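Chain A is the first sequence line, chain B the second, and so forth, proteins listed ahead of strands; every chain is numbered from 1. It should be emphasised that the depicted structure is a prediction, and the values quoted were computed from it without experimental measurement.
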Amino acid sequence: MFNIKHTLEQLLSDALAQASGLADARGNVIYSTRPEFGDYQANGVMAIAKQLKTNPRELAGRVLECLPENALIARAEVAGPGFINLFLKDAYLAQQGEEFAREGVALLQPSASAQTIVVDYSSPNLAKEMHVGHLRGTIIGDCLVRVLEACGHHVIRQNHVGDWGTQFGMLIAHMESLRAQGDALTTDLADLESFYRAAKQRFDDEPGFADTARGYVVRLQQGDPACLAAWQTFIDESLAHCEAVYARLGVTLQRADLKPESFYNPELPGIIAQLERAGLLSVSEGARCVFMEEFKGKEGALLPTIVQKSDGGYLYATTDLAAIQYRAGSLKADRVLYVVDARQSLHFQQVFAIARKAGFAPAACSLEHIAYGTMMGEDGKPFKTRSGDTVKLIDLLEESVRRAHDIVSEKNPDLDEASRQEIASVVGIAAVKYADLSKNRTSDYIFDWNTMLSFEGNTAPYMLYAYARIMSILRRQDDSAAPANAALLLEATEERSLLLKILQFQETVQVVANEGYPNTLCTYLYELAGVFMRFYEACPVLKAEGALRDSRLSLVALTAKTLNTGLDLLGLKTLQQM
RNA sequence: GGGGGUAUAGCUCAGCUGGAUAGAGCAACGGCCUUCUAAGCCGUGGGUCUCAGGUUCGAAUCCUGAUACUCCCGCCA
């Protein structure tokens, strides 16, 4: 595992522990805030000095004395009130860069302690077509899954689709009545959204229809074969819609990753029984609930989590508990990540707490809600069409590609139509995904076509353009290619900055793997592209000669490798030319 | 009523969990192409980090309170 920051943290923490006599002292190494403060800086001394009531600068001096000889630090100096500024050795950077430039050497090395990590993401409701509300979870989840796999973890994707519940009775009832009229259904099901609306309208308005629908729910739950067959037809159709969206988005979810709600149906009575045995269950107003001290409502009254309705039906809390048991037990997960809307935060707190108390998940199994905010329209309100309808995800993606096509046609009219289509399709999808991934997932964000499709700033088009420019240099080197083992020369500051940035790739990816914030990776890649552009302006590559040319070409190739790997982790396709 | 979240430049957003002079991009203004893709680079201006207190060597970050917006809280998922 290659991680400069981590190595420095280790060195400084040890030295600080030795100098202070506190075993758990933390060096607190971060990137230096300004170039003259070195490459990294350790901020931990001041906190410890405060604790010991000693002079921080003096303690920092002793830390430097305790710092052992090592391969990477050229110079460490005390600065300001007690910072330690760290300057890395050029020779060390060059040597590491040369190693990563070698043929077949991966930029990312597997984590020392590989874990089994279940990631629950996307999970649309199959009663309707995927809409913009499913975008963030699908994209963020897919990015995290790629990152975790790249770090060497055993990742199990779980697409917890909604395929059960009362609304399916309504849909089947509508389906069956159309079929009874001799309707082949294919055209009706092609647009699930209007199919759902039609069924809903009959449910609300048509006398007797609601009862028919409820009858179907009962038959479905009893396993009536004809009813199940109709249900299956509908589910297959709906899944086909989802898969079309996944294919367009370049999302890695497969059929094998499906673990629908209905999968847990047989387990639900057992879940209730286990809650009962654990003494967690009480009956309130006819419903079976779990009350916990941690969750209080008005006037200190405990807040219920309903696990079984008064009519005997189960709720999604029950299903989620069964899923936890399956993931922690059968799948033996070390971590379970739920990439789900932030509005469900209370629900997950409750479900996680119940799972702990009932023993569905051992303490060693980490349950994490990877929450994300809502996508807003340009008016700052939830994203809708002008008429107030929800926007189908597939329509949004197609519009993005169309807009990208217009821009590409305008900027590069000489390209043939096929190339423009190809570029537009990559840029259009990348723009939507990158706009989402580049923002801190916990806050709501405003969806804006102009910003995301702009070629300036932290956007997908800029990143793809930067990559295409880099590839253009490598294409032009022709037969005078640099050897893969070229020595790296760090004479210009731009060369050194570029290399250091490249070497920080793995530490960035690890932070994303641990904390689940894809925007950290986007920021890194954007900065990498920026550092490269400065190098590109200052350091001629193909016009340089001899060892310098080889060195620069090697840096270009390394940048390309890093950018390509990073964009792939985000789930973005790249282009050789734009 | 109770609980959660958010509030940073005109706009869209970062800010590595308490560090040095709060950063990007857009928009505005100015400079750089017969030279590896100018879809780029460099520079200038722009801030009471919502408000009021507190904690300490040091606060956008932690604590308390207030205001605004937003989400969640018994039989949908």
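- Of the listed nucleotides (B:A39, B:C41, B:G74), B:A39 has the atom at the smallest distance from the side chain of A:Asn412.
- Looking at A:Tyr465, its side chain has no donor and acceptor atom pair within 3.5 Å of the base of B:A39.
- In terms of the side chain to side chain donor-acceptor pair (under 3.5 Å) criterion, residue partners of A:Arg343 (sequence neighbours excluded) are, by chain and number, A:Asp341.
- Ring planes of A:Phe535 and A:Phe532: tilted class, angle from 30 to 60°.
- The side chain of A:Asn458 contributes no N or O atom lying less than 4.0 Å from OP1 or OP2 of B:A14.
- The existence of a salt bridge linking A:Asp211 and A:Arg214 is confirmed by a sub-4.0 Å separation between a basic side-chain nitrogen and an acidic carboxylate oxygen.
- Not one side-chain nitrogen or oxygen of A:Arg34 sits closer than 4.0 Å to the OP1 or OP2 atom of B:U21.
- For the pair A:Tyr40 OH and B:G19 C1', the computed distance is 18 Å after rounding to whole Å.
- Nucleotides B:C11 and B:G54, compared at atom C1', are 34 Å apart to the nearest Å.
- With a glycosidic angle more than 90° from 0, B:U55 adopts the anti conformation.
- Among the protein residues, A:Ala49 comes within range of no part of the nucleic acid, since none of its heavy atoms lies under 4.0 Å from any strand.
- For A:Lys309, a side-chain nitrogen or oxygen approaches OP1 or OP2 of B:C76 to under 4.0 Å.
- Nucleic acid contact class of A:Leu315 (heavy atoms, under 4.0 Å, all strands): sugar-phosphate only.
- Of the possible donor and acceptor atoms, one in the side chain of A:His369 sits under 3.5 Å from a partner among the backbone N and O of A:Val340.
- In terms of phosphate contacts, A:Thr523 brings no side-chain nitrogen or oxygen within less than 4.0 Å of OP1 or OP2 of B:C13.
- Contact annotation: side chain of A:Glu456 to base of B:A39, donor-acceptor pair absent below 3.5 Å.
- With sequence neighbours left out, A:Tyr445 forms a ring pair (Phe, Tyr, Trp, His ring centres under 6.0 Å) with no residue at all.
- The phosphate of B:G15 (OP1 or OP2) has no side-chain N or O of A:Tyr524 nearer than 4.0 angstrom.
- The base of B:A20 sits within donor-acceptor range of the side chain of A:Asn85, with an N or O pair under 3.5 Å.
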Nucleotides 54-62 of chain B: protein proximity per nucleotide (B base, S sugar-phosphate only, - neither; heavy atom, under 4.0 Å)
---BB----
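- For A:Arg476 and B:U37, the CZ to C1' distance is 8 Å, given to the nearest whole Å.
- One can place CG of A:Asp444 at 9 Å from P of B:C71, the figure rounded to the nearest angstrom.
- Comparing A:Met376 and A:Gln344 by the nucleotide of RNA chain B that holds the closest heavy atom to each, the one mapping nearer the 5' end is A:Met376.
- Side-chain polar atoms of A:Gln504 and A:Tyr40 form a donor-acceptor pair below 3.5 angstrom.
- Between A:Glu261 and A:Val29, the residue whose closest nucleotide on RNA chain B is further toward the 5' end is A:Val29.
- Across all strands shown, A:Pro304 has heavy atoms under 4.0 Å from base atoms, whether or not it also approaches the sugar-phosphate.
- Judged by distance alone, with hydrogens and angles left aside, A:Ser310 brings a side-chain donor or acceptor within reach of the base of B:C75, the pair sitting under 3.5 Å.
- Of the charged side-chain nitrogens involved, at least one lies within less than 4.0 Å of a carboxylate oxygen, so that A:Glu77 and A:Arg75 count as a salt-bridged pair.
- To the nearest 0.5 Å, atoms CZ (A:Phe168) and OG (A:Ser238) are separated by 7.0 Å.
- Rounded to the nearest Å, the gap between the C1' atom of B:U8 and that of B:A22 is 8 Å.
- Comparing B:G4 with B:A66, their P atoms are spaced 13 Å from each other, to the whole Å.
- With no hydrogens or angles considered, a side-chain donor-acceptor pair links A:His347 and A:Asp320 at under 3.5 Å.
- At a threshold of 4.0 angstrom between heavy atoms, the contacts of A:Asp320 with the nucleic acid are absent.
- The separation of B:U12 from B:G1, taken at their P atoms, amounts to 30 Å, rounded to a whole angstrom.
- The A:Arg343 side chain lies nearest to B:C72 when the options are B:C72, B:A20, B:C36.
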